[in-house]
Amino acid sequence: MIWNTYKSWIRSYRDLPLLINQWANVVRWEMRTRLFLRTAEFLWQEGHTAHASSIEAMDEARKMLDVYSIFAEEWMALPVIKGVKTANERFAGAVETFCIEALMQDGKAIQAGTSHFLGQNFAKAFEVTFTTNENSIEYVWATSWGVSTRLVGTLIMAHSDDKGLILPPKIAPTQVVIIPIYKNEEQLTSINEKAVAIKNELLLRGITVKYDNDEKQTPGWKFAEYELKGIPLRIGIGPRDLESQTVELARRDDLTKSTVPMKDLAELILNLLDEIQISLYNRALAFRDSNITAVETYEEFKKVLEEKGGFISAHWDGTSETENKIKEETKATIRCIPLDNPQQEGRCIYSGEKSNQRVLFAQAY
RNA sequence: CGGGGUGUAGCGCAGUUGGCUAGCGCGCCACGUUCGGGACGUGGAGGCCGGAGGUUCGAGUCCUCUCACCCCGACCA
């Protein structure tokens, strides 16, 4: 579809570069599905570009990788490793496949997004050519890139705990929930007044707030319920708070509680939401970094894989044969060759052949 | 498609070598007491035991067939 469109749209270098983005519901045959991570039907975004030069296309592929990684890190609070796929893991038809790889709390890796530099492969397959400014005819250079609802599963698996979901404040649909604690109608009435005032104050500051004064559930029930739903911050207001002009603040990320004055509450919460966002990222980063293990031998490799999991940084001889053997024997694949990978002499853990850099292995979703 | 497992109340499950009114937890309804971490008490409602056939005086339980779902493996983002 996309390439047929390109074929009819692209005539000259003046038509380039060209970008088409679409959101599409995709249905695939899957032998076995996994909620969010591999569903038979899913929503994804796919972007396709065509360029007049190789370098411009490559820049685009790299730019989109950055767009995805920035979204993952700054919005989802999910640290990712930007890298290049090996020939085995490369998208069919791509010259180079870039990816962002994340680590889940169970020690398995997941590809959170990809971006491909397609060279002229697709242009040749679909006969998409253009006239250059020097009046010659050339094939276009292309990229494609996408993310999907898989990111939702990734988000869940990266942050959540046994009490339920944990959402980073920046993407939480509701950032703050206010819960009244009362014994009778009079108390509720006066708490309502205060709570609504606080709610409005927060709304004015751009914070999304829900005030839950539903009388059908107890406070304790609500506490648990909103923790399950991952709302970053909870405000509790009871008779004691009315007395002292305070509220109780409870953080979802670390489950700590504190009593703070009502005065300047919005300012405090604004800061706290930022802090939670950063804290979630740092927690995930610390976990990820402590689960990148460098190994020197295949025995070590297998031991770490079995006992610890996570990413394993190891020398590899660069051949598909070795990669396939390791995959067959351990289920681990090369997730990527990090973009900022330091060059380093070594010996392939499997074949013993010379290697000039380490790559990241892991079992993956 | 191979291997394993499960179908009993809205949900999660128990149910002995076949035995008489099929139980338990959660949830639900009513009332009262509660309400700062998923409240407690008392009372109550709710069941073609996945489906069909068979054995038997008697089947949730045994046999045959059938349907559905789940898990593991070859797949894959």
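These values consider heavy atoms only, across backbone and side chains, with no hydrogens, waters or symmetry-generated copies. What you see is a predicted model; the values in this text were computed from it and never measured. Every chain is numbered from 1 and lettered A, B, ... according to where its sequence line falls, protein lines coming before strand lines.
A cation-pi arrangement is absent between A:R335 and A:F361 under the rule of less than 6.0 angstrom and at most 45 degrees off the ring axis. A cation-pi arrangement is present between A:K108 and A:Y365 under the rule of less than 6.0 angstrom and at most 45 degrees off the ring axis. A cation-pi contact, defined as under 6.0 Å to the ring centre and within 45° of the axis, is absent between A:R150 and A:F42.
Both A:K331 and A:P239 lie near RNA chain B, and the one whose nearest nucleotide falls closer to the 5' end is A:P239. Residue order along RNA chain B, read from the 5' end via each residue's closest nucleotide, puts A:L242 first among A:Y365 and A:L242.
A distance of about 29 Å separates the P atoms of B:G5 and B:C48, rounded to the whole Å. B:G10 and B:G47 are spaced 8 Å apart, taking the P atom of each and rounding to whole Å. To the nearest whole angstrom, the two P atoms, one in B:C28 and one in B:G73, are 38 Å apart. Taking atom P on both nucleotides, B:C20 is separated from B:U34 by 45 Å, rounded to a whole Å. A gap of 7 Å separates the C1' atoms of B:G27 and B:C11, to the nearest Å. Comparing B:C1 with B:G18, their P atoms sit 35 Å apart, to the nearest whole Å. Look at the P atom in both B:C40 and B:A9: the space between them is 25 Å, to the nearest Å. Annotation: B:G3 and B:G50 have their P atoms spaced 25 Å apart (nearest Å).
For the 3.5 Å distance criterion, the side chains of A:T143 and A:T49 qualify, holding a donor opposite an acceptor. Residues A:T293 and A:K308 have side chains that bring a donor and an acceptor to within less than 3.5 angstrom of each other.
When the side-chain nitrogen and oxygen atoms of A:T218 are compared with OP1 and OP2 of B:A39, one or more of them lie within a distance under 4.0 Å. In this model, the phosphate group of B:A74 is not approached by any side-chain N or O of A:K327 to a distance below 4.0 Å at OP1 or OP2.
Out of B:G36, B:G37, B:G38, the shortest distance to the side chain of A:R234 is found at B:G37. Taking only side-chain atoms of A:R150, from C-beta outward, the nucleotide of B:A77, B:C35, B:G38 with the closest atom is B:A77. Across B:G38, B:A77, B:G37, the shortest atom-to-atom separation from the side chain of A:A250 is found for B:G37.
On a pure distance criterion of 3.5 Å, no polar donor-acceptor pair joins the side chain of A:E227 and the base of B:G38.
A:T39 comes within contact range of at least one nucleobase, with a heavy-atom separation under 4.0 Å. Counting non-hydrogen atoms under 4.0 angstrom, A:K257 reaches a base of the nucleic acid. Residue-level contact check: A:L37 touches the bases, meaning some heavy atom is under 4.0 Å from a base atom. As judged by a 4.0 angstrom heavy-atom cut-off over every strand, A:N184 is placed among residues making no nucleic acid contact. Residue contacts for A:Q217: at a heavy-atom cut-off of 4.0 Å it reaches no nucleic acid atom on any strand shown.
Atoms OH (A:Y182) and P (B:A39) sit 13 Å apart, rounded to a whole Å. One interatomic measurement links the two molecules: CD of A:E248 to C1' of B:G37, which rounds to 9 Å at whole-angstrom precision. Here the C1' atom of nucleotide B:G37 and the CZ atom of A:R251 are 19 Å apart, to the nearest Å. Across the protein-nucleic acid pair, A:K183 atom NZ and B:U34 atom C1' stand 9 Å apart, rounded to whole Å. As a whole-Å value, the separation of A:D214 CG from B:G38 P is 17 Å. Between the NZ atom of A:K194 and the P atom of B:G36 there is a distance of 22 Å, rounded to whole Å. Nucleotide B:C76 holds its P atom 14 Å from the CZ atom of A:F42, rounded to whole Å. Going from atom CH2 of A:W221 over to atom P of B:G27 covers 11 Å, rounded to whole Å.
A:W9 has its ring centre no less than 6.0 Å from the ring centre of A:Y6.
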Which string of ( ) [ ] | and . matches RNA chain B, if you list each base 5' to 3' and count Watson-Crick or G-U pairs only when both distances are under 3.5 Å?
-> (((((((..((((.....[...)))).((((((.....)))))).....(((((..]....))))))))))))....

Determine, stepwise, if the pair A:K210 / A:D212 fulfils salt bridge (charged side-chain N to carboxylate O under 4.0 Å, His left out).
-> CA-CA 6 Å; A:K210 175 188 170 93; A:D212 184 355; 5.1 Å; no

So A:K222 and A:E225, salt bridge (charged side-chain N to carboxylate O under 4.0 Å, His left out) or not? Walk me through it.
-> CA-CA 5 Å; A:K222 292 175 187 172; A:E225 182 69 5; over 6 Å; no

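Ion pairing of A:R358 with A:E296 is present here, as a side-chain N (NZ or NE/NH1/NH2) and a carboxylate O approach within less than 4.0 Å.
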